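Working notes, beginning with the structure itself.
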Amino acid sequence: MANAGEQQGDLLSDVTDLDLVRHLLADMHDDLYGRIMRFRQLTDLGRDLGRNGTMIFGPAATLAWVEARSSFINGNFVATVLLCQSMVEQLLASFLHSGLMADDLPCRIKFKDTLKRCQDRDLLNEQDVKELEKLMALRNPLSHFRHVDDESSLDRRSIDGREPFEALIRRDAEFAIGLATRILAKAPFRLG
């Protein structure tokens with residue numbers, strides 16, 4: 001009989017709970033400094049959100065933001081890019097739909113249409129729209145297959161820029177989380 005620290009969680013697995021804890025601790029240890037630095041980066045970005053934080057419209061946007069922050073801290077950079085783009089798209093459309101902008105949205109709206117409506121109502125400026133389109137362009141090759149000859153593929157960008165794709169995706173994630181924070185810091189969302 002195994003002691004309490006070595007109990008099996010699954011009869012079909014030969015990996016004990018203690019084995020899993022060891023793996024988790026080793027994983028955390030390997031990038032602890034990086035996680036701390038990314039958490040500090042998020043904290044610094046969060047200063048723009050106002051004394052009382054932000055109001056995020058829509059449950060999908062809220063969940064995406066929570067998971068994007070966690071993904072960024074834990075070094076899950078592809079997830080960070082995907083989640084930040086999702087959060088911003090959900091946030092802006094939910095805000096328009098909330099009635100505060102007196103907008104009648106279709107049941108499904110394209111992100112470009114959401115951006116245009118937000119720009120028409122002075123929620124987003126031209127620079128915001130360009131950067132959100134860039135975020136969308138970063139997300140698409142992560143969501144949809146791109147051949148190495150496609151200039152937007154991570155492989156092609158890595159080759160053309162002569163840098164590892166890990167460095168590229170980290171920079172993309174830093175851009176994404178920074179942009180998402182800037183959108184959340186806009187007056188309609190900032191509390192206090």
Side-chain angles (χ1 to χ4, degrees), residues 41-42 45-46 48-50 53-72 76-161 163 165 167-191:
Q41 193 174 354
L42 272 179
L45 287 170
D48 294 336
L49 297 178
T54 62
M55 178 169 45
I56 300 177
F57 289 78
T62 302
L63 292 171
W65 178 239
V66 169
E67 291 185 20
R69 290 173 46 90
S70 176
S71 292
F72 183 71
N76 300 319
F77 301 130
V78 170
T80 302
V81 172
L82 296 171
L83 288 163
C84 284
Q85 198 278 332
S86 175
M87 187 282 294
V88 171
E89 186 169 347
Q90 290 284 336
L91 174 78
L92 295 174
S94 293
F95 181 72
L96 290 173
H97 181 68
S98 70
L100 296 175
M101 298 300 286
D103 213 341
D104 186 25
L105 292 183
C107 291
R108 292 183 179 200
I109 185 167
K110 294 181 181 195
F111 190 44
K112 285 192 179 263
D113 294 337
T114 298
L115 294 178
K116 181 173 178 358
R117 288 175 187 233
C118 287
Q119 190 173 16
D120 290 348
R121 288 154 183 83
D122 295 323
L123 177 60
L124 299 175
N125 61 39
E126 189 174 326
Q127 184 65 29
D128 294 331
V129 171
K130 283 181 185 176
E131 290 182 348
L132 288 165
E133 287 172 342
K134 176 183 174 182
L135 178 58
M136 187 171 48
L138 292 173
R139 180 209 57 107
N140 283 342
L142 298 173
S143 297
H144 311 290
F145 173 77
R146 299 291 190 264
H147 189 274
V148 70
D149 291 335
D150 187 305
E151 66 184 25
S152 68
S153 80
L154 200 54
D155 294 327
R156 175 54 46 199
R157 290 176 55 217
S158 176
I159 292 167
D160 291 348
E163 65 181 311
F165 63 85
L168 284 174
I169 196 64
R170 180 189 172 124
R171 191 169 55 247
D172 292 350
E174 288 172 344
F175 168 77
I177 202 84
L179 178 58
T181 304
R182 264 199 7 260
I183 298 300
L184 283 170
K186 289 189 169 288
F189 311 118
R190 191 176 54 240
L191 300 174

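In this text the structure is predicted, and so the values were computed from the model without any measurement.
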Minimum heavy-atom separation for F165 to L154, with atom names? CB-CG, 3.8 Å

So which atom in L138 and which in R157 form the shortest heavy-atom distance, rounded to 0.1 Å? CD2-NH1, 3.7 Å

Taking the side chain as every heavy atom from C-beta outward, state whether R182 and E131 have any atom pair closer than 4.5 Å. yes

For the residue pair E133 and K112, establish whether any side-chain heavy-atom pair is separated by less than 4.5 Å. yes

Answer yes or no: is there a side-chain heavy-atom contact under 4.5 Å between R117 and T114? no

When rounded to the nearest 0.5 angstrom, what distance separates CG in D172 from CG in L82? 10.5 Å

For the atom pair OG1 (T54) and CG (L49), what is the distance rounded to the nearest 0.5 Å? 5.5 Å

Is a donor on one side and an acceptor on the other found under 3.5 Å between the side chain of R190 and the backbone of A185? yes

Under the criterion side-chain contact (heavy atoms from CB on, under 4.5 Å), I'd like the reasoning laid out for F145 against D150: C-alpha separation, chi angles, the key distance, then a yes or no. CA-CA 10 Å; F145 173 77; D150 187 305; over 6 Å; no

What are the two closest heavy atoms between A68 and T80, and how far apart are they? O-OG1, 3.9 Å

Distance, nearest 0.5 Å, that separates NZ of K134 from CG of L179: 9.5 Å

Can you check whether F95's main-chain N or O pairs, donor with acceptor, with S98's side chain at less than 3.5 Å? yes

Answer yes or no: is there an ion pair linking K116 with D120, defined by an N-O contact shorter than 4.0 Å? yes

Check the pair S152 / N140 against side-chain contact (heavy atoms from CB on, under 4.5 Å), numbers first and verdict last. CA-CA 9 Å; S152 68; N140 283 342; over 6 Å; no

Side chains of D155 and S153: any donor to acceptor distance under 3.5 Å? no

Heavy atoms of other groups near F111 CZ, more than 12 under 6.0 Å: yes

Check I56 against A61 and note the closest heavy-atom contact, atom names and distance. CG2-CB, 3.6 Å

Drop me the distance from L115's CG to Q119's CD, to the nearest 0.5 angstrom. 8.0 Å

Close side-chain approach of I183 and M87, heavy atoms under 4.5 Å: no

Do D128 and K186 have side chains that approach each other closer than 4.5 Å (heavy atoms only, starting at C-beta)? yes

Give the intermediate values and the outcome of side-chain contact (heavy atoms from CB on, under 4.5 Å) for residues H97 and I109. CA-CA 11 Å; H97 181 68; I109 185 167; over 6 Å; no

Would you check, one step at a time, whether the test side-chain contact (heavy atoms from CB on, under 4.5 Å) holds for F72 with E174? CA-CA 8 Å; F72 183 71; E174 288 172 344; 3.8 Å; yes

Looking at S158 and E163, what are the two nearest heavy atoms and their distance? OG-O, 2.5 Å

d(R108 CZ, D113 CG) to nearest 0.5 Å is 14.0 Å

Working to the nearest 0.5 angstrom, can you tell me the gap between L142 CG and H144 NE2? 10.0 Å

Quick one: are L123 and P188 in side-chain contact, heavy atoms under 4.5 Å? yes

Minimum heavy-atom distance between G58 and S94, given as atom pair plus value: CA-OG, 3.9 Å

